[in-house]
Amino acid sequence: QVQLVESGGGLVQTGGSLRLSCAASGRAFSSYTMGWFRQAPGKEREFVAAINWGSGMSTYYTASVKGRFTISRDNAKNAVYLQMNSLKPEDTAAYYCAAKIGGYSGTNSRYDYWGQGTQVTVSS
């Protein structure tokens, strides 16, 4: 069982930056693939980024955030981060941290545990 708590959301102007954090509790955090998803009002939840477990810790991004967002994890602190730079109004959404057993997936139904979400609002 894993509990996830996100933080770091807020209001920022276009072109600004935010760093989201996700604190995980429970055992074997390092064995989980961690992902970030987002959901804007009236839209479906979409994949943003993921980072594999294990020594390789491969990262994956949706096309719209590549080069602007960076996902990272600190297994010693049971934490995963999403550094968001060059933010755009279309990045406005509730951002969710998620964990899954096994390797990468960009499908939200494949994730086993979810946080409560943190709101990111980018003003134009």
Side-chain angles (χ1 to χ4, degrees):
Q1 191 79 8
V2 176
Q3 291 81 42
L4 304 172
V5 179
E6 303 96 334
S7 61
L11 173 65
V12 64
Q13 291 185 334
T14 297
S17 298
L18 283 174
R19 187 191 194 211
L20 304 184
S21 298
C22 175
S25 60
R27 296 188 297 179
F29 171 76
S30 61
S31 299
Y32 290 85
T33 288
M34 301 300 297
W36 285 97
F37 291 77
R38 65 187 179 187
Q39 188 168 19
K43 295 188 176 181
E44 293 187 353
R45 191 170 296 187
E46 66 171 357
F47 170 76
V48 176
I51 184 166
N52 260 345
W53 65 281
S55 59
M57 292 196 287
S58 299
T59 57
Y60 308 86
Y61 300 92
T62 191
S64 62
V65 308
K66 275 185 181 178
R68 300 189 298 123
F69 291 11
T70 302
I71 188 171
S72 61
R73 67 190 295 167
D74 186 336
N75 288 337
K77 295 183 178 180
N78 279 16
V80 63
Y81 308 99
L82 186 68
Q83 177 66 43
M84 305 186 296
N85 299 326
S86 302
L87 283 161
K88 305 175 181 180
E90 51 264 43
D91 295 317
T92 295
Y95 282 71
Y96 298 88
C97 175
K100 69 177 297 292
I101 298 168
Y104 160 73
S105 173
T107 303
N108 57 14
S109 63
R110 298 294 181 92
Y111 283 74
D112 303 295
Y113 305 102
W114 292 84
Q116 83 290 348
T118 185
Q119 179 67 34
V120 172
T121 303
V122 185
S123 63
S124 58

* Roughly how far, to the nearest 0.5 Å, is the CZ atom of Arg38 from the OG atom of Ser64? -> 4.5 Å
* To do: State, yes or no, whether a side-chain contact exists between Thr92 and Gln119 at a heavy-atom distance under 4.5 Å.
  => yes
* Please report the shortest heavy-atom distance between Tyr60 and Asn52, naming the atom on each side. => OH-ND2, 3.2 Å
* Arg45 atom CZ, over 12 foreign heavy atoms within 6.0 Å -> yes
* Compare every heavy atom of Leu11 with every heavy atom of Ser123, then report the nearest pair and how far apart it is. => CB-CD1, 4.3 Å
* State, yes or no, whether a side-chain contact exists between Arg68 and Asp91 at a heavy-atom distance under 4.5 Å. => yes
* Say whether Tyr61 and Val120 are linked into one hydrophobic cluster, either directly or through other cluster members, by side-chain heavy-atom distances under 4.5 angstrom. => yes
* **Steps toward side chain to side chain contact (heavy atoms under 4.5 Å, CB included) verdict (Met34, Val2)** => CA-CA 11 Å; Met34 301 300 297; Val2 176; 5.9 Å; no
* **Where Tyr95 and Val48 come nearest, the two heavy atoms and their spacing** => CE2-CG2, 4.3 Å
* Tell me whether Tyr32 is reachable from Met57 by hopping between hydrophobic residues (I, L, V, M, F, W, Y) whose side-chain heavy atoms are closer than 4.5 Å. => yes
* Asked: Taking only residues at least two apart or on different chains, which pairs with a member in residues 73-83 satisfy side chain to side chain donor-acceptor pair (under 3.5 Å)?
  -> Arg73-Asn75, Gln83-Asn85
* Taking the six-membered ring for Trp, are Phe37 and Tyr111 ring centroids under 6.0 Å apart? -> yes
* Asked: Under 4.5 Å between any side-chain heavy atoms of Leu87 and Phe69, yes or no?
  -> yes
* Asked: Only one of Thr118, Leu82, Val80 forms a side chain to side chain contact (heavy atoms under 4.5 Å, CB included) with Glu6, so which one is it?
  -> Thr118
* To do: Please check if Phe47 and Ile51 belong to a single hydrophobic cluster, counting links between Ile, Leu, Val, Met, Phe, Trp and Tyr side chain heavy atoms closer than 4.5 Å.
  => no
* From Arg110 CZ over to Thr33 OG1, what is the distance, rounded to the nearest 0.5 angstrom? -> 12.5 Å
* Structure fact -> Between the NZ atom in Lys88 and the OG atom in Ser124, the distance rounded to the nearest 0.5 Å is 14.0 Å
Pairs of donor and acceptor atoms involving the side chains of residues 100-109, under 3.5 Å and at least two apart or interchain, shall be tabulated with distances.
{"residue": "Lys100", "atom": "NZ", "partner": "Gly103", "partner atom": "O", "Å": "2.7"}
{"residue": "Ser105", "atom": "OG", "partner": "Thr107", "partner atom": "N", "Å": "3.1"}

* Using a 4.5 Å cut-off on heavy atoms from C-beta on, say whether the side chain of Trp36 contacts that of Met84. => no
* Under 3.5 Å, side chain of Gln39 to main-chain N/O of Ala93, donor-acceptor pair present? -> no
